[in-house]
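Note on naming: letters A, B, ... go to the chains in the order of the sequence lines (proteins, then strands), and numbering restarts at 1 for each one.
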Protein chains: 2
Amino acid sequence: MSSANSLTVDDLGSAAQRDRRKRILDATYELAKEGGFDAVQMRAVADKADVALGTLYRYFPSKIHLLVSALGREFEHAESVLREKPIPGETPSERVIYVLKKTTRGLQGDPHLTEALTRAFMFADGSVANEIHSVGMLLTSMLTQAMHPGATELTNDDIATARVIGDVWLSALVAWVTGRSTAVETSAHMENAVRLLLRD
Amino acid sequence: MSSANSLTVDDLGSAAQRDRRKRILDATYELAKEGGFDAVQMRAVADKADVALGTLYRYFPSKIHLLVSALGREFEHAESVLREKPIPGETPSERVIYVLKKTTRGLQGDPHLTEALTRAFMFADGSVANEIHSVGMLLTSMLTQAMHPGATELTNDDIATARVIGDVWLSALVAWVTGRSTAVETSAHMENAVRLLLRD
DNA sequence: GGACGAAGTGGAACGTGTTCCTATTATGTC
DNA sequence: GACATAATAGGAACACGTTCCACTTCGTCC
């Protein structure tokens, strides 16, 4: 586990290092946004971030780690934006659907970026478990927050429900980024799933 | 779409060609079973099938097409085995869980093969949409059959429920083959999802 | 300020998916 | 049987993820 982890902000002592890390993730973000998974080439990232290829690999041990970390940063950002305002909606399902729609619309506005990040997520193996896990927790917590705003205690069923919704969301996203379903179908399917799970 | 399709059995005129195709899929199957996605190397497949690399690419335009075609063949086989006997269980959820467990156990008995096929499935883009779609339909129909054995009419909710279960199944499978969750966790999560969806 | 280890640079090199080219072999037509 | 066309063999070549190495720079301790 310790053998192949991405360097987190906390691992980095100097300001220069934190800056390198940021430049790398910024470059990754831009390349992904412009050309998707295939455009995020390690040499291109290194060039754009003004960093040697070997250094890039010291910070992120693989392309997958790199993309999943970039996904994590974006997700944190989305989550903090979401946290600023209370979630509108009378019922849990209305609020969950609001969160999903908002998030999905954000992703669908950046198809290349979404394709790159989703592909990476799906291809990630055990060595990326840490990065994946933190993204998963973030998503689950966003969903449980929408279900029970401000709640401090959650039942097992709440968490399980959130995870199922997360699964559906991921499958729908994969189908969409691989061109196997349209944005409209994706939304409809997710709404349907929420309705089936949260009958309120 | 028409530009990059795998050659199907129907496309092939001579017996020699059908035999080449079969040798290729057999070689793919064996390599996948032994070493998973990474072991299915195009040169190795070509060698094992006694076929030139260029010929392999004439039959299957990419590694993904090759693996998804192999997946299709295996899935049809599994489905025909399942169809032979009535599904045991008193309630829809019991029957669905039976089907999921049986299928999952089959897959987990061949972890390398499953890993190779799931990876290919997740990485497949629009050019493989046809093959993917038929596999998806097969899974959905297996699940609706388990929910309502022998039913001729299905509600939209039945189909949506089956698709949600399929999504969870796929996510769980991905998590398992990528080493992010254990076989036991996979089963538990799927059972949980079914219970949440089919409260009977 | 000098020494030393860690981190970074620059780039060569390797593996594997994919493409491409030429020579050879099948297949079908007259 | 001679020929035209397509299919296949064999393998070189290219792209990109990844590894590795020799060298330089940076940070820290004396």
Upstream residue (5' side of DNA chain C) when A:L56 and A:R43 are each assigned their closest nucleotide: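 Nearest-nucleotide comparison on DNA chain C picks A:L56.
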
On DNA chain C, does the nearest nucleotide to A:L53 precede the nearest nucleotide to B:S62 from the 5' side, or the other way round? Give the residue.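 The residue closer to the strand's 5' end, by nearest nucleotide, is A:L53.
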
So, A:T178 side chain and B:D125 main chain: donor-acceptor pair closer than 3.5 Å or not?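 Pair absent, no side-chain N/O of A:T178 close to backbone of B:D125.
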
Before accepting this row, confirm whether a basic side-chain N of the pair [X]/[Y] lies closer than 4.0 Å to the acidic partner's carboxylate O.
X      : Y      : result
A:R43  : A:D47  : no
B:D50  : B:R20  : no
B:E191 : B:K101 : yes

Hydrophobic cluster membership, B:L154 vs B:L143, 4.5 Å side-chain cutoff: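 No, it is not one cluster - the side chains of B:L154 and B:L143 are not joined through contacts under 4.5 Å.
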
Should the pair B:R180 and A:F121 be classed as cation-pi, given the thresholds of under 6.0 Å to the six-membered ring centre and 45° from the axis?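 Ring-cation test returns yes.
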
Does A:R119 make a cation-pi contact with B:F123, if we ask for NZ or CZ under 6.0 Å from the ring centre and within 45° of the axis?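 Verdict for B:F123: a cation-pi partner in A:R119.
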
If you assign B:A16 and A:R20 each to the DNA chain D nucleotide with the nearest heavy atom, which residue ends up on the more 5' nucleotide?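 Looking at DNA chain D, the more 5' nearest nucleotide goes with B:A16.
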
With rounding to the nearest 0.5 Å, note down the distance linking NE2 in B:H112 to CD in B:E34.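 So the NE2 of B:H112 and the CD of B:E34 are separated by 10.0 Å.
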
Contact boundaries on DNA chain C for chain A, cut-off under 4.0 Å to non-hydrogen atoms: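 Endpoints of the contacted stretch of DNA chain C: C:dA7 to C:dA13.
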
Walk along DNA chain D from 5' to 3' and tell me the first and last nucleotide with an atom closer than 4.0 Å to a non-hydrogen atom of chain B.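 Contact span on the strand: D:dA7 to D:dA13.
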
Identify whether any heavy atom of B:D47 sits under 4.0 Å from a base atom; if not, whether one sits that close to sugar-phosphate; answer base, sugar-phosphate or nothing.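 Nothing: the residue B:D47, judged by heavy atoms under 4.0 Å, touches no strand.
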
Regarding A:V45, tell me which of base, sugar-phosphate or nothing describes its non-hydrogen contacts under 4.0 Å with the strands shown.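 The residue A:V45 makes no contact with any strand.
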
